[in-house]
Amino acid sequence: MKMEECFIFEPGTWLGEGKVRLTVSEEELKYVTRWNIDKSKKNGLIGSMQEVQITGIPDVMLNQFSFYEFNEENFKVQLENPTIGKIIGIGIYKPKLIAWEFRRNDLGFEGFEMYEQLPDGSYFMHAEYVSQDEFRTHIQGKIWKKSISTTTPS
């Protein structure tokens, strides 16, 4: 997969669903997500907004991602949300795979996200995050490009 074939380079809306497991409860919760990838690249930067709604939690989590400084193997990614503020990470891409990680020891926050392209063009995703208090979050799901006629994968 060329860099331009990764989902972050396809402007528009990507939908998703999956399960979240928090170590504080060991309960698996369902979630839905929507990525809105900006149509324009400004100064080589790709902006996007990710909305995450977890079953049983009334607030929608908003994560603003910016992807930039691309080269043949990696890139930088910035995540901004009200809980952690801004954090910068490093991403990589390989055939059918894009991933990034954050390590912010002064916040006690670190984690990674991995997206593996499936034959139908959707992506399997896996993520793990840990906070300063050692609470871990495990996320597993799937995202797909929203089509005009449907909102679920075919």
Side-chain angles (χ1 to χ4, degrees), residues 1-22 29-55 57 59-105 107 109-131 136-154:
M1 165 170 68
K2 296 178 186 170
M3 178 174 61
E4 293 81 13
E5 294 172 347
C6 298
F7 81 93
I8 64 169
F9 288 94
E10 291 190 44
T13 301
W14 288 78
L15 303 174
E17 62 187 6
K19 295 181 180 179
V20 175
R21 186 169 40 88
L22 308 170
L29 303 171
K30 292 184 179 181
Y31 76 90
V32 293
T33 187
R34 176 174 44 217
W35 282 84
N36 291 310
I37 310 290
D38 289 350
K39 290 181 175 56
S40 64
K41 292 185 216 175
K42 296 177 184 171
N43 300 323
L45 182 139
I46 298 170
S48 66
M49 179 65 73
Q50 179 195 42
E51 301 171 28
V52 181
Q53 177 69 59
I54 300 173
T55 301
I57 298 177
D59 295 332
V60 174
M61 184 185 321
L62 297 176
N63 296 314
Q64 184 171 346
F65 285 90
S66 300
F67 304 94
Y68 58 100
E69 290 188 18
F70 296 93
N71 66 36
E72 292 179 16
E73 297 175 357
N74 54 48
F75 57 92
K76 287 190 179 176
V77 56
Q78 177 181 287
L79 166 62
E80 182 176 359
N81 74 29
T83 305
I84 62 166
K86 288 183 185 179
I87 185 169
I88 295 175
I90 296 177
I92 61 164
Y93 56 92
K94 298 179 179 184
K96 301 189 184 295
L97 180 76
I98 184 168
W100 51 84
E101 72 174 348
F102 300 102
R103 295 185 184 271
R104 179 98 182 250
N105 293 332
L107 284 179
F109 174 86
E110 61 181 54
F112 72 89
E113 295 187 28
M114 177 204 72
Y115 295 80
E116 183 177 1
Q117 190 177 39
L118 301 172
D120 66 0
S122 66
Y123 288 80
F124 166 79
M125 79 82 59
H126 177 80
E128 293 185 22
Y129 285 97
V130 63
S131 62
R136 293 187 178 275
T137 303
H138 300 269
I139 307 162
Q140 190 166 310
K142 185 176 180 178
I143 65 168
W144 59 90
K145 181 84 184 237
K146 179 182 178 183
S147 68
I148 294 170
S149 62
T150 183
T151 58
T152 57
S154 48

Taken in chain and number order and not counting sequence neighbours, the residues that satisfy salt bridge (Lys or Arg N to Asp or Glu O under 4.0 Å) with E116 are none
Taking S122's backbone N and O only, do any of them form a donor-acceptor pair with D120's side chain (distance below 3.5 Å, no angle check)? yes
Contacts satisfying salt bridge (Lys or Arg N to Asp or Glu O under 4.0 Å) that involve residues 61-72 (not counting sequence neighbours) are E69-K76
When F109, F112, W100 are each screened for ring pair (Phe, Tyr, Trp, His ring centres under 6.0 Å) with Y129, the one that passes is F109
In terms of heavy-atom contacts, F102 and I88 come closest through CD2-C, 3.8 Å
Ring pair (Phe, Tyr, Trp, His ring centres under 6.0 Å) test vs W14 passes for just one of Y123, W35, W144, namely Y123
Exercise. Is a side-chain N or O of T137 found less than 3.5 angstrom from the main chain of E128, in a donor-acceptor match?
Worked result: no
- Query: Do E10 and I37 come close enough that some side-chain heavy atom pair is under 4.5 Å?
  - Reply: no
Problem set entry | F9 ring center near F70 ring center (under 6.0 Å) | yes
*Do Q140 and K19 touch side chain to side chain, with heavy atoms closer than 4.5 Å?*
no
In terms of heavy-atom contacts, C6 and Y93 come closest through SG-CB, 4.2 Å
Nearest heavy-atom contact between I46 and I8 is CG2-O, 3.5 Å
All heavy atoms of I92 vs all of K94, minimum pair found to be CD1-CE, 4.2 Å
Between P11 and K145 the two heavy atoms that sit nearest each other are O-NZ, 2.7 Å
Residue set satisfying side chain to side chain contact (heavy atoms under 4.5 Å, CB included) with K86, at least two apart, ordered chain then number -> Q78, E80
Looking only at heavy atoms, the pair that brings N63 and N81 closest together is OD1-ND2, 2.9 Å
